[in-house]
Amino acid sequence: MRGLMVALAATLSISEAWGAEGEPRIDLALVLAVDISQSMEPDEQDLQRQGYVEAFRSPDVQRAIRQGLLGRIAVTYVEWSGMEEQQILVPWTVIEQPEDALGFAERLARIPIHRAGYTSISGAIDFSLGLLRESGFDSTRRVVDISGDGPNNQGRPVTAARDEAVSQGTTINGLPIMLEQPRGPWDIPDLDLYYRDCVIGGAGAFMIPIRERHQFLDAIRTKIVREVSDRQMPETFVRRALADTPADCSAGSSHPRRPAGE
């Protein structure tokens with residue numbers, strides 16, 4: 001009888017680790033898709049990167065991962081700008097123990113930051129969806145985390161990309177960065193409304209606007225804890241849009257193309 005119980009426990013352990021198709025089972029497959037377009041100022045990019053590095057160093061994030069049903073997630077970090085400008089900085093990494101999270105953070109911290117051209121949120125979503133399809137994981141939830149400081153100005157309509165992702169069971173969350181006043185033809189004043197109505201979507205989708213530099217570290221850490229744990233966040237972090245007027249989801253797309261390198 002004891003031998004039977006040991007064999008049963010081993011079988012259950014294997015079933016927790018591997019899905020029906022032989023894929024590793026995880027609580028969450030998370031794509032961190034980060035804007036590096038020219039509209040992002042260098043200090044904003046530094047703060048953004050440091051926010052993600054510190055999040056995975058944080059005991060709060062590490063604890064949230066361990067408290068999941070399986071206690072492990074997979075995450076990849078992607079930088080994006082134009083329609084065909086996406087780069088994987090850190091490939092799919094399984095995080096289960098604190099040292100896994102620390103290793104992910106250290107790897108990300110060592111990679112230089114650079115800037116590119118246009119802002120194609122739709123391209124970032126499409127690229128992220130491809131990564132999720134080809135990840136090789138059996139995940140309970142799939143999330144794309146989009147951060148950026150402007151509307152979609154290249155590629156197909158952002159709502160088309162969002163709706164396709166949502167139809168395939170993917171949630172899109174947002175981190176609209178609103179540190180600067182609009183100053184060019186591709187900028188819009190209410191980026192939080194745009195993200196609310198045009199970018200985020202799916203089960204439990206949310207956004208956290210960043211309006212001041214000191215908010216980066218706390219906001220990114222809290223956002224990842226929320227994504228990992230799939231729990232509600234304090235109202236102080238889920239900031240409401242400043243108006244209820246529906247956003248124009250074509251904002252940015254009707255403007256002429258920027259010269260190369262701008």
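Values below: every heavy atom of this structure, side chains too, minus hydrogens, waters and symmetry copies. Just so it is clear, the model here is predicted, and its values are computed rather than measured.
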Is the side chain of [X] donor-acceptor paired with the backbone N or O of [Y] at a distance under 3.5 Å, no angle test?
X	Y	value
Arg141	Glu227	yes
Ser120	Gln154	yes
Asp35	Ser147	no
Gln50	Leu217	no
Thr76	Val90	yes

If we only count heavy atoms from C-beta on, is the [X] to [Y] side-chain gap below 4.5 Å?
X	Y	result
Trp80	Ser128	no
Leu89	Arg49	yes
Arg211	Asp192	yes
Phe56	Ile95	yes
Arg57	Leu102	yes
Met207	Pro176	yes
Glu79	Glu85	no
Ser37	Asp149	yes

Looking only at non-hydrogen atoms, find the nearest pair between [X] and [Y] and report the distance.
X	Y	result
Gln86	Ala124	NE2-N, 4.2 Å
Arg142	Ser139	CG-OG, 3.4 Å
Arg107	Pro91	NH2-CD, 3.5 Å
Ala74	Ile26	CB-CD1, 3.5 Å
Ile65	Asp27	O-OD2, 4.5 Å
Thr159	Cys198	CG2-O, 3.9 Å

I need the [X] [atom1] to [Y] [atom2] distance, nearest 0.5 Å.
X	Y	atom1	atom2	result
Gln215	Leu47	CD	CG	11.5 Å
Ile172	Leu129	CD1	CG	8.0 Å
Gln168	Leu132	CD	CG	9.5 Å
Gln87	Phe127	CD	CZ	9.0 Å
Asp190	Tyr195	CG	OH	14.0 Å
Ile125	Thr170	CD1	OG1	10.0 Å

In the single-linkage hydrophobic clustering (I, L, V, M, F, W, Y; side-chain heavy atoms under 4.5 Å), do [X] and [Y] co-cluster?
X	Y	result
Leu179	Ile220	yes
Phe206	Val166	no
Leu69	Ile224	no
Leu131	Ile36	no
Ile88	Val31	yes

Heavy-atom neighbours of Gln97 CD exceed 12 at 6.0 Å: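 Correct, the count exceeds 12.
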From Asp218, Asp60, Asp145, residue fulfilling salt bridge (charged side-chain N to carboxylate O under 4.0 Å, His left out) relative to Lys223: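 Exactly one option meets the salt bridge (charged side-chain N to carboxylate O under 4.0 Å, His left out) with Lys223, and it is Asp145.
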Residues forming a side-chain contact (heavy atoms from CB on, under 4.5 Å) with Glu96, sequence neighbours excluded: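 Testing Glu96 for side-chain contact (heavy atoms from CB on, under 4.5 Å), a comparison that skips the adjacent residues, returns Arg72, Asp100.
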Steps toward side-chain contact (heavy atoms from CB on, under 4.5 Å) verdict (Tyr77, Ile111): CA-CA 11 Å; Tyr77 189 97; Ile111 300 172; over 6 Å; no
Aromatic plane relationship, Trp92 with Phe137 - under 30° parallel, 30 to 60° tilted, over 60° perpendicular: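 Rings of Phe137 and Trp92: perpendicular, over 60°.
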Evaluation steps, side-chain contact (heavy atoms from CB on, under 4.5 Å), between Asn173 and Arg226: CA-CA 10 Å; Asn173 297 325; Arg226 165 68 176 86; over 6 Å; no
